[in-house]
Structure formats: structure tokens, C-alpha cells
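All remarks here apply to the structure that follows.
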Amino acid sequence: EQATAERKQGVELSLQAGEAWHAAMALCDGASTLMRAEKFEAALALLATPLHGRDLVVSQAAVAFYTGMCQRRMGRVEEAAASYQQTLDLCAKAPDLINGMDGVRNSARAAVKSIEGWRRTPLTLTPARLQILTPHPASATRQIVLASLTRPELTVTGGDDTLSATFLGP
């Protein structure tokens, strides 16, 4: 909690100096620490800090991306998709300022694509492997769709934190 307070102080100082980018990086760093501790609501609250100053668009893009990561970890897939799309929209607004943000832009594109795939087919089965695309293990057992070219029988069981599949067919 002391580290979060220190980051908030750093954010305030950066914003007072008109440095949105430094404030955004402190917010994202603090949110990352909170997410590792599974304090997602606190991370979202930190990321909701209003930004202003120089490099505002790129700063907002970084914060939107971290917001999407947090929402996805919480299982809020639709909110995460909107945050990732916001990241892409902000990157498109100022491509000259976003040059150093290729990793964030590419990760946001990949996340949007992954969520779109998950919406269509949360569970994909091929003869060689089982791939589960899920934003959170707890949601996998509630939203399973089976798609298979070989149509083997499959039993899926699980709880909030686990999911297992057993092949019964050929």
C-alpha cells in the first residue's frame, strides 16, 4: 500500500508538471503491481485517474491498454474488448506520437482478435490438442462451445478455478 501511495504521489507531481506520459507510466506500473496481487478493483480505480498535459493521447492509449488487461483478468470480457479497441482508436488518432507504442498496439490488436475468437468458439478441439480460449477460468465452465472436425466425444468438468477435459471417443 505504501508503494501505491508513492506512485499516486508521483502521478500527482507528473500531472502538476504537465507530463501525462510520466503520470501514465506510474499509473500502469502501480496497476501492474496491484494486478499481480489480484487487487483488480484497486488497479481499475488507479487507472481511472484523469490525465492531462503533454503526450496525452499516447498516455491515454497506454492506460486504456492496462485497463483492458485488468478487465480481462477479472473476466469482464466485453469491457476489456472495449478498452483494447479504445487503445487502437487512440493509437490511430496520433500515429506520429505512437511510434514507440508498437508493442502496445500489437498486443491490443492480438487481444481484440483473441476475444473475437473466444466469442465465436470458447473451446476449439482438433485431433492433436485441446485449446481453451477463455478470459478467465471461472467463465470457461459457463460458456463452453464445442467445435471439432473429428467429432470425438468429450466430457468437460470443472469448477471456478479448474477445467479438465476427457476424451471418450476415437
Side-chain angles (χ1 to χ4, degrees), residues 1-120 122 131-143 158-163:
E1 291 184 23
Q2 181 180 351
T4 301
E6 290 171 1
R7 283 190 183 89
K8 285 183 182 179
Q9 183 180 13
V11 168
E12 290 172 18
L13 292 172
S14 294
L15 291 175
Q16 287 172 8
E19 296 292 337
W21 177 250
H22 295 292
M25 290 303 92
L27 290 173
C28 293
D29 185 50
S32 181
T33 299
L34 290 166
M35 283 188 277
R36 281 192 302 276
E38 297 189 6
K39 296 180 179 181
F40 302 114
E41 292 295 340
L44 285 178
L46 184 63
L47 291 166
T49 303
L51 295 172
H52 56 84
R54 286 184 289 280
D55 300 325
L56 183 59
V57 173
V58 69
S59 303
Q60 290 172 327
V63 169
F65 179 75
Y66 272 78
T67 299
M69 287 193 324
C70 187
Q71 291 163 329
R72 195 169 184 185
R73 294 267 323 267
M74 295 173 75
R76 297 179 182 175
V77 182
E78 297 306 323
E79 291 175 43
S83 293
Y84 289 132
Q85 187 59 54
Q86 180 184 13
T87 302
L88 295 173
D89 294 345
L90 288 164
C91 286
K93 272 187 179 179
D96 54 321
L97 294 176
I98 309 292
N99 286 337
M101 295 279 289
D102 286 340
V104 168
R105 181 182 13 230
N106 292 339
S107 294
R109 278 187 192 131
V112 167
K113 185 177 178 180
S114 171
I115 290 171
E116 288 171 354
W118 174 80
R119 284 178 184 145
R120 286 189 305 275
Q131 180 183 13
I132 299 171
L133 300 173
T134 179
H136 191 269
S139 64
T141 57
R142 292 189 294 271
Q143 301 179 22
D160 284 346
D161 297 319
T162 62
L163 183 67

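All residue numbers in this chain count up from 1 along the given sequence.
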(request) Any ring-ring contact (aromatic ring centres under 6.0 Å, His included) involving residues 11-36? Give me the pairs, sequence neighbours left out, ordered by first then second residue. (result) none

(request) Any salt bridge (charged side-chain N to carboxylate O under 4.0 Å, His left out) involving residues 11-21? Give me the pairs, sequence neighbours left out, ordered by first then second residue. (result) Glu19-Arg54

(message) I'd like to check Leu44 versus Met74 (side-chain heavy atoms, cut-off strictly below 4.5 Å). Are they in contact?
(response) yes

(message) Holding to side chain to side chain donor-acceptor pair (under 3.5 Å), I want the full list of residues that pass it with Ser32, two or more places apart in sequence or in another chain.
(response) Arg36

(message) Please enumerate all residues that pass side chain to side chain donor-acceptor pair (under 3.5 Å) together with Glu41, with sequence neighbours excluded.
(response) Arg76

(message) Taking ring-ring contact (aromatic ring centres under 6.0 Å, His included) as the cut-off, I'd like each qualifying pair that reaches into residues 26-70, sequence neighbours left out, listed once.
(response) Phe65-Tyr84

(message) Which heavy atom of Leu90 sits nearest to which heavy atom of Ala61, and what is that distance?
(response) CD1-N, 3.6 Å

(request) Could you tell me which residues satisfy side chain to side chain contact (heavy atoms under 4.5 Å, CB included) with Ala42, sequence neighbours excluded, listed by chain and number? (result) Leu34, Lys39

(request) State, to 0.1 Å, how close Asp55 and Val58 come at their nearest heavy-atom pair, and which atoms those are. (result) O-CG1, 3.2 Å

(message) Among residues at least two apart in sequence or on other chains, which ones pass side chain to side chain contact (heavy atoms under 4.5 Å, CB included) with Lys113?
(response) none

(message) Are Leu51 and Leu27 packed together at the side-chain level, in the sense that at least one heavy-atom pair is separated by less than 4.5 angstrom?
(response) yes

(message) Measuring from atom CD of Gln85 to atom CG of Asp89, what distance do you get when rounded to the nearest 0.5 angstrom?
(response) 4.5 Å

(message) Among residues at least two apart in sequence or on other chains, which ones pass salt bridge (charged side-chain N to carboxylate O under 4.0 Å, His left out) with Glu78?
(response) Arg119

(message) I'd like to check the side chain to side chain donor-acceptor pair (under 3.5 Å) partners of Ser83; sequence neighbours left out, ordered by chain and number.
(response) Gln71

(request) Would you name the heavy atoms of Ala62 and Cys28 that are closest together and state the gap between them? (result) O-SG, 3.8 Å

(request) Specify the closest pair of heavy atoms between Ala80 and Gly68, including all atoms of both residues, with the distance to one decimal. (result) CB-O, 3.4 Å

(message) For Ala20 versus Ser59, what's the shortest heavy-atom pair and its separation?
(response) C-OG, 3.2 Å

(request) List for me each residue that meets salt bridge (charged side-chain N to carboxylate O under 4.0 Å, His left out) alongside Asp29, sequence neighbours excluded, and say none if there are none. (result) Arg7

(message) Once rounded to the nearest 0.5 Å, what's the spacing between atom CZ of Arg73 and atom CE of Met35?
(response) 7.5 Å

(request) Mind checking salt bridge (charged side-chain N to carboxylate O under 4.0 Å, His left out) for Glu38 and listing every partner two or more places apart, or none if nothing turns up? (result) none

(request) Output all residues satisfying side chain to side chain contact (heavy atoms under 4.5 Å, CB included) with Asn106, sequence neighbours left out; order by chain, then residue number. (result) Asp102, Arg109

(request) Step by step, work out the side-chain contact (heavy atoms from CB on, under 4.5 Å) result for Arg72 and Ile115. (result) CA-CA 9 Å; Arg72 195 169 184 185; Ile115 290 171; 4.0 Å; yes

